[in-house]
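Read through the structure below, which is laid out as structure tokens, and then see the notes.
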Amino acid sequence: MLISSRPGSLAADRSVGMTSATDSKLSSPLSSPHRTTIGRLDGDLHHVAPSVGRWKHGAMDIVSTPDILEAIATGLQDWRKLAQPIVARYRTPDPVRGAAFVAAVAQAAVTVGQDPEIRLGRGVVDLALSTAGDKGGRWVTAQDIELARTISKLAREHGLTALPGEVTQLELALDTADDTAVSPFWSALLTGAPDHVVGDTVLDPTNRVPSVWFQATDAHPPPRQRWHIDLWLAPEVADDRIAAAVAAGGTVVDASEAPSFTVLADPEGNKVCVCTALDRD
């Protein structure tokens with residue numbers, strides 16, 4: 001369970017259709033508005049209830065995206081399906097009542113063995129529900145749907161107002177001709193380890209950063225980079241993170257301004273700055 005009192009974005013899985021002979025609208029842990037096929041999934045899926053879009057993934061009872069949308073339309077109006085999770089936002093009149101609601105949600109989640117992400121912000125509480133697979137993929141399960149119903153009931157009991165139109169999830173998409181070459185670099189840089197890659201997506205297990213997915217393109221000369229990521233870290237871990245990124249295939253492009261910032265590049269030349277608060281006015 002993640003509970004944060006800082007502003008920040010929710011990171012997690014995309015959902016569009018996965019090309020399949022049995023169900024073209026399966027909610028995948030690795031899908032995006034720009035992608036129509038999934039090459040590598042987080043383990044084996046077993047279709048258990050075609051009429052209701054339910055799938056088995058190990059012990060998880062996965063719910064298809066169409067059925068998630070149906071649940072939202074018929075009782076879960078507080079919630080919306082984003083890339084991976086179902087999410088809700090509630091307005092809170094003050095931090096004390098917000099914290100009381102968070103405590104009630106945490107207790108309900110522990111009771112049913114679920115692990116929601118909760119953010120207590122200024123005047124709002126954000127919640128995201130999904131279930132992690134053994135290899136890091138994220139799915140919405142029947143248990144997540146039931147917990148969402150419980151949370152909506154708790155929100156009403158605490159007098160909170162749902163703000164479904166305000167939910168947001170940021171993902172970063174990088175064009176690449178070879179995601180297997182660049183994904184270890186971005187995983188090591190963003191998460192601290194090169195193996196937080198699920199299919200063609202980097203997913204931070206604790207959602208400190210947005211997910212990064214790699215959109216397949218033909219090989220071409222690197223274009224002029226129009227934007228880049230500034231990754232801010234605690235100064236004491238910056239050198240280790242840079243070393244991990246270099247070990248995963250990256251290069252140091254410019255360290256002349258270190259420790260304020262260091263410019264790195266992935267194997268295809270995409271640049272990123274590792275930043276700290278040191279040596280700044």
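We're numbering straight along the sequence, starting at 1. All heavy atoms count here, side chains included; hydrogens, waters and symmetry mates do not.
Remark: R89 CZ to L163 CG distance equals 7.0 Å, nearest 0.5 Å. Interatomic distance, E117 CD to L127 CG, rounded to the nearest 0.5 Å: 9.5 Å. Atom CG in L172 sits 8.0 Å away from atom CG in L190 (nearest 0.5 Å). Atom CG of residue D200 and atom CH2 of residue W213 lie 7.0 Å apart, to the nearest 0.5 angstrom. Taken from OG1 in T141 to CD in E146, the straight-line distance is 9.5 Å, to the nearest 0.5 Å. We find the OG1-NZ distance between T65 and K81 to be 5.0 Å, quoted to the nearest 0.5 Å.
Here the side chains of L76 and R149 are in contact, with some heavy-atom distance below 4.5 Å. Side-chain contact check for W79 versus I151: some heavy-atom pair is nearer than 4.5 Å. Counting only heavy atoms from C-beta outward, the side chains of D175 and Q215 approach each other to under 4.5 Å. Using a 4.5 Å heavy-atom threshold, the side chains of P85 and L129 count as separate. C273 places none of its side-chain heavy atoms less than 4.5 Å from the side chain of E257.
Applying the side-chain contact (heavy atoms from CB on, under 4.5 Å) test between R241 and each of L264, L231, V274 identifies L231 as the sole match.
Considering all non-hydrogen atoms of both residues, P210 and E171 come closest at CB-CA, 4.4 Å. Closest approach of D78 and A162 over heavy atoms only: OD1-CB, 3.5 Å. Contact between P267 and G249 at its shortest, heavy atoms only, is CG-O, 3.4 Å. Between W186 and K271, the closest heavy-atom pair is CH2-O, 4.4 Å. The heavy-atom pair separating P184 from A248 by the smallest distance is O-CB, 3.5 Å. The heavy-atom pair separating L203 from G137 by the smallest distance is CD1-CA, 4.4 Å.
Counted by atom type alone, Q114 and D144 present one or more donor-acceptor pairs between their side chains at under 3.5 Å. A donor-acceptor contact closer than 3.5 angstrom is absent between the side chains of D178 and T176. For the 3.5 Å distance criterion, the side chains of R138 and N207 qualify, holding a donor opposite an acceptor. Using modelled atom types and a 3.5 Å distance limit, the side chains of T92 and R97 yield no donor-acceptor pair.
Hydrophobic cluster membership differs between I229 and V263, with clusters built from Ile, Leu, Val, Met, Phe, Trp and Tyr side chains linked at under 4.5 angstrom. Hydrophobic clustering (ILVMFWY, side-chain heavy atoms < 4.5 Å, transitive): V96 and V105 are in distinct clusters. Following chains of ILVMFWY side-chain contacts shorter than 4.5 Å, one can reach L160 starting from V102, so the two form part of one hydrophobic cluster. Both L120 and I118 belong to a common hydrophobic cluster when Ile, Leu, Val, Met, Phe, Trp and Tyr are linked at side-chain heavy-atom distances under 4.5 angstrom. Hydrophobic clustering (ILVMFWY, side-chain heavy atoms < 4.5 Å, transitive): L233 and L189 are in one cluster.
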